Amino acid sequence: MNTDNRQWLLKRRPIGRVKESDFELAISEPPQPQSEEILIRNTWLAFDPAMRGWIDDKPNYFPPVEIGEVMRGMTVGEVVHSNNNEYKKGDIVTGMLGWQDYAISNSEQIRKTIPNITPEASLSIFGITGLTAYFGLLEKGQPQEGDVIVISGAAGATGSVVGQIAKIMGCRVIGIAGGEKKCEWLVNTAGFDAAIDYKNENVDQRLKELCPQGLNIFYDNVGWPILDIALSHIAMGARIVICGSIARYSSKELPSGPKNYINLVNKRARMEGFLILDYLARAPEAVMRLCEWQSKGLIQWETDIQQGFENAPKSLLRLYTGENFGKQLLRI
């Protein structure tokens, strides 16, 4: 077991696409827990597209990671020492403990993982990814049986679960993803009704063919220009759920706004942003239903597992190049 505390620190704020050189490796002694504190040895790191926004010096739902601070990120780890009665040595926990071997926490910052659930599942289907898909679709998309839903970034960790929940709700599901392999997985494994390969197909034309009566829900993980195309195909009373905007995370300048936004008026539609932070108190509800659906074989998911703490920055970059397939994780 490693006895040093390796940490990846933010070295500089990226301009455009994030680079490995925007981070630097530091090594120190493991911290010592004080009264009521818990020492955790991280064993897994999770990566999300939104992390690009956390290292910008711009307004966000989180304060920006400061230069010289440990990079923020979800982890799974093992309690190695506890001064807190709620946790004991050997407990497996998850929390926003960052890119480091060892972290100090209190009982409010972490939670125990579900018994007999793997770290991979704790950080994907039963973690922030699954919760985001569940509440984003059901609370904001409000699917009804027979609705047509289109999902951008559909082969990603969140988008793929959104589509499968929508199928359970009786919707017709169309995913937009990059590459033949991802599109085939959406249809053949995840059970989507159709998939559009934005790298090799005309998205506008394919939506005309697949949604002749318009789409009722658009779950957006990508942003412009896919969002603008989708807005031109919405049906009366459509719901557009803005979950992410991976297309702009690597841009040096913000793209122009959608040209087709006036269609929200024409179709009496609603476009609304969504953050999982507003629903964390209801996490047990989502986990219970996700466990039920997963046990019945109704939900499939993929994890992309990289190895070695030294590869944390490289693993993050995979999200913005499209190399990853499913939830991006790293086994420390």
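Residues: numbered from 1 along the sequence shown. As the structure is a computational prediction, the values presented were derived from the model and not from experiment.
Ring geometry, Tyr134 versus Trp293: the interplanar angle falls from 30° to 60°, so the pair is classed tilted.
Remark: aromatic rings of Trp54 and Phe62 are close, center separation under 6.0 Å.
Using a 4.0 Å cut-off between charged side-chain N and carboxylate O, Arg289 and Glu285 make no salt bridge. Asp56 and Arg13 are not joined by a salt bridge, as no carboxylate oxygen comes within less than 4.0 angstrom of a charged side-chain nitrogen. Ionic pairing of Asp197 and Arg206 is not present here: no N-O contact between side-chain nitrogen and carboxylate oxygen is shorter than 4.0 angstrom. With respect to the salt-bridge test (charged N to carboxylate O, under 4.0 angstrom), the residues Lys167 and Asp193 qualify. By the 4.0 Å N-to-carboxylate-O rule, Arg239 lies too far from Glu139 to be salt-bridged with it. Here Asp91 pairs with Lys112 in a salt bridge; the nearest charged N to carboxylate O distance falls below 4.0 Å.
Across Leu290 and Ile125, no two heavy atoms sit closer than the pair CD1-O, 3.4 Å. Here the closest non-hydrogen pair linking Ile67 and Lys11 is CG2-O, 3.4 Å. Shortest non-hydrogen contact noted between Ala177 and Lys182 is CB-CB, 4.2 Å. Of all heavy-atom pairs spanning Ala195 and Leu186, the tightest one is CB-CD1, 4.2 Å. Listed here is the closest heavy atom pair of Ile40 and Ser105: CD1-CB, 3.7 Å. For the residue pair Glu36 and Asn84, the shortest heavy atom distance occurs at O-ND2, 3.0 Å.
Using a 4.5 Å heavy-atom cutoff, the side chains of Trp99 and Pro313 are in contact. By the 4.5 Å heavy-atom criterion applied to side chains, Met71 and Phe23 are counted as neighbours. Using a 4.5 Å heavy-atom threshold, the side chains of Pro64 and Lys58 count as separate. With contacts defined as side-chain heavy-atom distances shorter than 4.5 Å, the pair Leu207/Ile196 qualifies. Under the 4.5 Å side-chain criterion, counting only non-hydrogen atoms from C-beta, Val241 is not in contact with Phe218. In this structure, Thr43 and Pro119 have side chains that are not in contact, with every pair of non-hydrogen atoms separated by 4.5 Å or more. Residues Ile240 and Arg270 fail the side-chain proximity criterion, which asks for heavy atoms closer than 4.5 Å. Counting heavy atoms from C-beta outward, Leu227 and Met271 have side chains that approach closer than 4.5 Å.
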Apply side-chain contact (heavy atoms from CB on, under 4.5 Å) to Arg17 and Thr321, showing your working. CA-CA 9 Å; Arg17 178 171 291 178; Thr321 60; 3.7 Å; yes
Show your working on side-chain contact (heavy atoms from CB on, under 4.5 Å) between Ile165 and Ile299 and close with a plain yes or no. CA-CA 8 Å; Ile165 296 176; Ile299 294 183; 4.2 Å; yes
Would Leu316 and Arg52 count as a side-chain contact (heavy atoms from CB on, under 4.5 Å) here? Give the steps. CA-CA 9 Å; Leu316 177 62; Arg52 175 61 181 83; over 6 Å; no
List the steps, then state whether side-chain contact (heavy atoms from CB on, under 4.5 Å) holds for Ile38 with Ile104. CA-CA 6 Å; Ile38 305 145; Ile104 293 288; over 6 Å; no
Check the pair Asp304 / Arg318 against salt bridge (Lys or Arg N to Asp or Glu O under 4.0 Å), numbers first and verdict last. CA-CA 10 Å; Asp304 185 321; Arg318 292 172 62 85; 2.8 Å; yes
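A continuous path of Ile, Leu, Val, Met, Phe, Trp and Tyr side chains, each step under 4.5 Å between heavy atoms, connects Val162 with Leu277, placing both in one hydrophobic cluster. Linking Ile, Leu, Val, Met, Phe, Trp and Tyr whenever their side-chain heavy atoms come within less than 4.5 Å leaves Ile168 and Val187 in two separate clusters. No continuous path of hydrophobic side-chain contacts links Met96 to Leu9 [ILVMFWY only; heavy atoms under 4.5 Å]. No single ILVMFWY cluster, assembled from side-chain heavy atoms under 4.5 Å apart, contains both Met288 and Tyr279. In the hydrophobic clustering of this structure, Ile110 does not group with Leu329; members are Ile, Leu, Val, Met, Phe, Trp, Tyr whose side-chain heavy atoms approach within less than 4.5 Å, directly or through other members.
Put simply, the side chain of Gln164 gets close to the backbone of Gln300: a donor and an acceptor are under 3.5 Å apart. A distance-only check finds no donor-acceptor pair linking the side chain of Asn42 to the backbone of Tyr102 [under 3.5 Å]. Listed for the Gln142 side chain is no donor-acceptor partner under 3.5 Å among the backbone atoms of Leu138. With hydrogens and angles ignored, the 3.5 Å screen pairs a side-chain donor or acceptor of Asn106 with a backbone N or O of Glu108. A donor-acceptor distance shorter than 3.5 angstrom exists from the side chain of Asn5 to the backbone of Asp101, with no hydrogens or angles considered.
The one candidate from Ile117, Val76, Val79 that meets the side chain to side chain contact (heavy atoms under 4.5 Å, CB included) condition with Ile92 is Val76. If you run side chain to side chain contact (heavy atoms under 4.5 Å, CB included) between Cys243 and each of Leu275, Ile276, Asn221, only Asn221 comes through.
Around the NZ atom of Lys19, the shell of radius 6.0 Å holds more than 12 heavy atoms that belong to other residues, nucleotides or ligands. The environment of Glu209 atom CD is dense: over 12 non-hydrogen atoms of other residues, nucleotides or ligands sit within 6.0 angstrom. Within 6.0 Å of CD in Gln109 there are more than 12 heavy atoms belonging to other residues, nucleotides or ligands. The 12-atom threshold is exceeded at CG of Asn188, counting heavy atoms of other residues, nucleotides or ligands nearer than 6.0 Å. By the 6.0 Å contact criterion, CD on Gln307 is enclosed, its count of non-hydrogen atoms from other residues, nucleotides or ligands being greater than 12.
Of the N and O atoms on the side chains of His233 and Asn263, not one donor lies less than 3.5 Å from an acceptor on the other residue. Glu302 and Trp185 are linked by a side-chain donor-acceptor pair at a separation below 3.5 angstrom, with hydrogens and angles left out of the test. Checking Lys88 against Ser82 by side-chain atom types alone, no donor-acceptor pair falls below 3.5 Å.
Residues satisfying the salt bridge (Lys or Arg N to Asp or Glu O under 4.0 Å) criterion with Lys259, sequence neighbours excluded, are absent altogether.
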